[in-house]
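The figures here come from the full heavy-atom set of this structure, side chains too, leaving out hydrogens, waters and symmetry mates.
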Amino acid sequence: MPPMTAIARLLLLVPLVACVEIDVRDASPAGSVTAVRSTGAAPGVRAGENAPTQTVFSDRGCPAGSGMSADQGFAAYRAGRGLPALRRSQALASAASSHARDVARLQTVTHVGSDGSKVGQRVTAAGYRFRHVHENVGWTPCGFDFVLQSWTGSPSHLKTMIRTDVTDYGIGRSGDYWVLITARPK
């Protein structure tokens with residue numbers, strides 16, 4: 001087996017799921033939700049679900065973190081790119097945390113809950129009425145800094161993080177599983 005490159009050694013096991021975008025237009029029939037994006041399939045992900053966009057390996061452990069909370073890290077990421085600040089929504093954070101617990105229990109990275117729910121259904125159940133909603137899901141033992149960095153390497157994840165048509169966000173974590181939800185209310 002050829003030796004691993006230095007870059008490959010710096011990266012860590014991080015399966016990531018392509019972000020899901022859901023747009024509910026005012027003209028839509030009540031309760032209608034349209035999934036706009038999903039990709040691929042991977043081990044641990046049932047057929048038809050979104051799949052990890054990358055898997056990377058390291059034998060050196062986790063890189064040093066910033067010491068910021070997930071909320072601070074996400075805000076700093078957006079500010080560093082000249083993007084408007086988003087409001088932390090307790091309802092979105094609750095939906096993200098609930099899904100993070102669910103995927104941690106399932107030990108898989110997926111946008112589909114164990115009950116078959118999609119992000120729009122979970123956000124609505126948490127009391128957030130949305131015009132559109134977007135979700136990133138990821139796994140890493142290295143904390144939010146690393147999952148955020150990893151999401152930037154995936155166009156669909158990056159799109160969720162840099163959207164300018166959203167006003168609110170919520171971040172959830174359960175063990176090594178992370179969920180970011182961005183949305184705009186009705």
Side-chain angles (χ1 to χ4, degrees), residues 14 16-28 30-39 50 52-54 63-101 103 109-111 113 117-140 142-174 176-186:
V14 181
L16 298 174
V17 174
C19 72
V20 167
E21 298 177 22
I22 295 178
D23 193 0
V24 177
R25 307 262 181 210
D26 292 335
S28 298
S32 72
V33 175
T34 305
V36 179
R37 181 185 314 274
S38 67
T39 62
N50 299 311
T53 56
Q54 65 176 326
S66 68
M68 289 190 267
S69 71
D71 290 320
Q72 292 168 331
F74 183 57
Y77 179 84
R78 286 185 59 89
R81 280 142 193 85
L83 298 168
L86 301 181
R87 292 182 305 250
R88 183 181 184 280
S89 162
Q90 184 56 47
L92 294 179
S94 176
S97 294
S98 176
H99 190 56
R101 285 189 302 274
V103 295
V109 178
T110 179
H111 289 287
S117 65
K118 304 283 193 320
V119 63
Q121 294 164 314
R122 293 188 294 271
V123 165
T124 299
Y128 189 95
R129 292 184 39 139
F130 64 92
R131 177 175 171 91
H132 52 95
V133 62
H134 317 275
E135 178 181 70
N136 284 356
V137 180
W139 174 91
T140 179
C142 294
F144 188 75
D145 288 343
F146 191 74
V147 81
L148 184 68
Q149 176 187 350
S150 298
W151 283 336
T152 64
S154 162
S156 60
H157 290 93
L158 180 61
K159 187 176 178 181
T160 294
M161 296 187 310
I162 64 171
R163 295 188 76 95
T164 57
D165 61 347
V166 294
T167 56
D168 303 324
Y169 81 97
I171 298 171
R173 173 184 180 214
S174 181
D176 295 339
Y177 292 85
W178 293 89
V179 176
L180 167 68
I181 299 174
T182 61
R184 179 177 199 93
K186 279 190 175 187

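Rounding to the nearest 0.5 angstrom, the gap separating the CE atom in Met161 from the NZ atom in Lys159 is 13.5 Å. Note that the OG1 atom of Thr160 and the CD1 atom of Ile181 stand 10.5 Å from one another [nearest 0.5 Å]. Distance check: His157 NE2 to Glu135 CD gives 9.5 Å after rounding to the nearest 0.5 Å. Rounded to the nearest 0.5 Å, atoms OG (Ser97) and OH (Tyr177) are 16.0 Å apart. For the atom pair NZ (Lys186) and CZ (Phe130), the distance works out to 7.5 Å, reported to the nearest 0.5 Å. Once rounded to the nearest 0.5 Å, the distance linking CD of Gln72 with CG of Asp145 reads 10.5 Å.
Among all heavy-atom pairs drawn from Trp151 and Val137, the shortest one is NE1-O, 3.6 Å. The two residues Phe144 and Gly73 come nearest to each other via the heavy atoms CE2-C, 4.5 Å. Across Ser156 and Asn136, no two heavy atoms sit closer than the pair O-OD1, 4.4 Å. The minimum heavy-atom distance linking Leu148 with Tyr77 is given by the pair CD2-CB, 3.8 Å. Between Val166 and Arg163, the shortest heavy-atom distance links the atoms CG2-O, 3.8 Å. Shortest non-hydrogen contact noted between Ala95 and Arg122 is CB-O, 3.8 Å.
Residues forming a side chain to side chain contact (heavy atoms under 4.5 Å, CB included) with Arg78 (at least two apart in sequence, or on another chain): Phe74, Leu83, Pro84, Leu86.
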Quick one, Leu92 with Val123, criterion side chain to side chain contact (heavy atoms under 4.5 Å, CB included). Give me CA distance, side-chain angles, the key distance, then yes/no. CA-CA 6 Å; Leu92 294 179; Val123 165; 3.7 Å; yes
Might you work through the side chain to side chain contact (heavy atoms under 4.5 Å, CB included) test for Thr167 and Arg87, ending with a clear yes or no? CA-CA 6 Å; Thr167 56; Arg87 292 182 305 250; 3.4 Å; yes
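In the displayed structure, Arg129 atom CZ is contacted under 6.0 Å by at most 12 heavy atoms of other residues, nucleotides or ligands.
In this structure, the side chain of Ser150 engages the main chain of Phe146 through a donor-acceptor pair within 3.5 Å.
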